[in-house]
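Here's the structure we're looking at; comments come further down.
As a basis for the values below, the full set of heavy atoms in this structure was taken, side chains included, without hydrogen atoms, waters or symmetry mates.
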2 protein chains.
Amino acid sequence: MIKTRPFSSMATTTRSPSHAQDHILAERKRREKLSQRFIALSSIVPGLKKMDKASVLGDAIKYVKHLQEKIKQLEEQTKKRTVESVVLVKRYHLPAADDDDDHSNSSSNDDADDDTRRRSLPEIEARASERDVMIRIHCEKQPGVLAKVLSEVESLRLSIVNSSVLPFGNSTLDITIVAQMDGEFSMKVIELVKNLRLAFLKFM
Amino acid sequence: MIKTRPFSSMATTTRSPSHAQDHILAERKRREKLSQRFIALSSIVPGLKKMDKASVLGDAIKYVKHLQEKIKQLEEQTKKRTVESVVLVKRYHLPAADDDDDHSNSSSNDDADDDTRRRSLPEIEARASERDVMIRIHCEKQPGVLAKVLSEVESLRLSIVNSSVLPFGNSTLDITIVAQMDGEFSMKVIELVKNLRLAFLKFM
DNA sequence: CTTAACACGTGACGC
DNA sequence: TGCGTCACGTGTTAA
């Protein structure tokens with residue numbers, strides 16, 4: 001265990017006198033390269049307090065794990081929903097082109113201040129005309145959501161006339177349903193939307 | 001430069017014989033820690049071919065940069081995934097159903113003017129996610145309007161993926177179109193809506 | 001004075 | 001044989 005002094009007790013390897021300097025030079029170069037890498041690594045790892053090698057390595061390890069976890073979350077997030085706040089989003093108002101019956105003002109709506117607005121899903125919209133009801137739902141793509149929505153609609157004493165579901169992007173669906181209220185039963189649109197929204201809260 | 005054997009030739013610092021072993025022991029511990037960190041780092045960096053320290057550091061650096069870039073892309077993607085949307089005409093605001101997030105005046109909007117409100121047509125709405133574009137048009141029922149709309153959409157360098165037209169009530173249509181922008185061409189949603197609206201002004 | 005970290009030269013091992 | 005890499009012991013320096 002204890003190192004003895006092999007002054008000339010070279011049982012193993014002898015060093016050529018000329019190449020001896022090559023060795024220490026090569027070793028210097030190696031250390032230099034390692035040092036550079038350490039510096040480079042520490043420069044891309046944010047928030048390092050200690051700059052010694054062990055800490056750099058340790059923090060780099062933590063950082064890599066953190067990044068990997070974050071990527072996992074982000075990739076899942078793009079697949080899934082970010083719900084929690086299921087809202088009936090208010091729609092952004094664009095200055096109407098022909099708002100009133102007078103449809104002569106044509107170029108009054110050049111001010112598109114906010115195109116990239118954040119939208120929370122699902123977005124539920126309904127409108128009624130006589131007995132016809134149109135329901136439009138923009139929601140996260142989930143298996144069985146159409147059936148659930150349709151059954152929910154039918155449970156509200158609405159007979160479905162037509163329905164379509166369009167995939168939009170790779171994570172959302174746009175469902176359009178036209179239904180009819182039967183008999184004397186009529187429902188205020190706001191109530192319909194509230195019920196649908198409540199159903200969505202149960203779904204997801 | 002050349003290492004001499006300072007058995008007692010202490011030009012600089014003398015080492016207490018007892019603490020001399022402490023020194024080499026501490027150094028061993030330090031090296032051990034570094035080795036562990038290296039192993040740990042190499043274990044979380046995928047696809048390492050060379051296992052020497054310089055390569056581990058170098059690949060770890062590349063990997064961290066790669067992860068950072070990927071996160072940037074994913075975060076931008078999630079931002080882009082929030083659909084940008086433009087509605088042309090004024091739309092009726094549905095009060096958020098009794099909930100926390102929208103704490104506006106809760107049920108003050110129940111007045112009767114919502115359902116029986118006169119709506120100005122056509123109503124054009126578009127939203128985009130990545131290359132997908134969704135167009136919804138609520139307009140008066142007119143023969144040939146679907147064909148005109150579709151040809152107009154195609155003339156805007158959009159390839160139609162799906163389209164549906166639903167009769168709603170007895171005098172209006174609800175047209176939903178999903179299209180894709182081809183190639184590098186991209187169009188701001190507001191421009192798309194403006195063009196469609198302009199086309200409608202010519203149609204009707 | 002202790003503690004910790006570093007760079008250095010050096011022997012050893014593998015290709 | 002050389003070339004590259006490693007771990008070791010050691011001297012040195014800064015907190």
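With sequence neighbours left out, A:Q68 forms a side-chain hydrogen bond (donor to acceptor under 3.5 Å, both in side chains) with B:Y63. In this structure A:S35 satisfies the side chain to side chain contact (heavy atoms under 4.5 Å, CB included) test with no other residue, sequence neighbours excluded. Listed by chain and residue number, B:D59 satisfy the side chain to side chain contact (heavy atoms under 4.5 Å, CB included) test with B:K62 (two or more places apart in sequence, or in another chain).
Classification of B:R127 and B:E125 as a salt-bridged pair holds, one side-chain N sitting under 4.0 Å from a carboxylate O. Ion pairing between a basic and an acidic side chain is recognised when a charged N comes within 4.0 Å of a carboxylate O; A:E27 and A:R31 show such pairing. With salt bridges taken as basic N to acidic carboxylate O contacts below 4.0 Å, none links B:E152 and B:R197. The residues A:E75 and B:K70 are annotated as salt-bridged, a charged nitrogen and a carboxylate oxygen being separated by less than 4.0 angstrom.
Residue B:H19 has its side chain nearest to C:dT2 when only C:dC6, C:dT2, D:dA7 are considered.
Distance NZ (A:K29) to P (D:dC3): 11 Å, rounded to an integer number of Å. Summarising the geometry, the separation between CG on B:L25 and C1' on D:dC8 is reported as 13 Å, rounded to the nearest angstrom. In this structure, CD1 of A:I24 is placed 7 Å from C1' of C:dG9, rounded to the nearest angstrom. The distance between atom CG of A:D22 and atom C1' of C:dG11, rounded to the nearest whole Å, is 16 Å.
Terminal axes of the helix from C:dT2-D:dA15 to C:dC15-D:dG2 (five pairs each, C1' rotation axis) are separated by 0°, to the nearest 10°.
At the phosphate of C:dC6, OP1 or OP2 sits under 4.0 Å from a side-chain N or O atom of B:R30. Between A:R31 and C:dG9 there is a side-chain polar atom (N or O) within less than 4.0 angstrom of OP1 or OP2. At the phosphate of D:dA7, neither OP1 nor OP2 sits under 4.0 Å from any side-chain N or O atom of B:R28.
Side-chain to base pairing of A:E27 with D:dC6: one donor and one acceptor N or O lie within less than 3.5 Å of each other. Between the base of C:dG11 and the side chain of A:H23 there is a donor-acceptor pair shorter than 3.5 Å.
Closest approach of B:F168 and B:H138 over heavy atoms only: CD2-CE1, 3.3 Å.
Taken residue by residue, residues 33-40 of chain B places heavy atoms nearer than 4.0 Å to DNA chain D at B:S35. Within residues 42-57 of chain B, the residues that have a heavy atom under 4.0 Å from DNA chain D are, in order of number, B:D52, B:K53.
With B:S55 contributing its side chain and B:K50 its backbone, the two residues share no donor-acceptor pair below 3.5 Å.
Enclosure of atom NZ in B:K65 is not indicated, since only 12 or fewer non-hydrogen atoms of other residues, nucleotides or ligands lie within 6.0 angstrom.
Side-chain contact between B:I135 and B:T176 is absent, with no heavy-atom pair separated by less than 4.5 Å.
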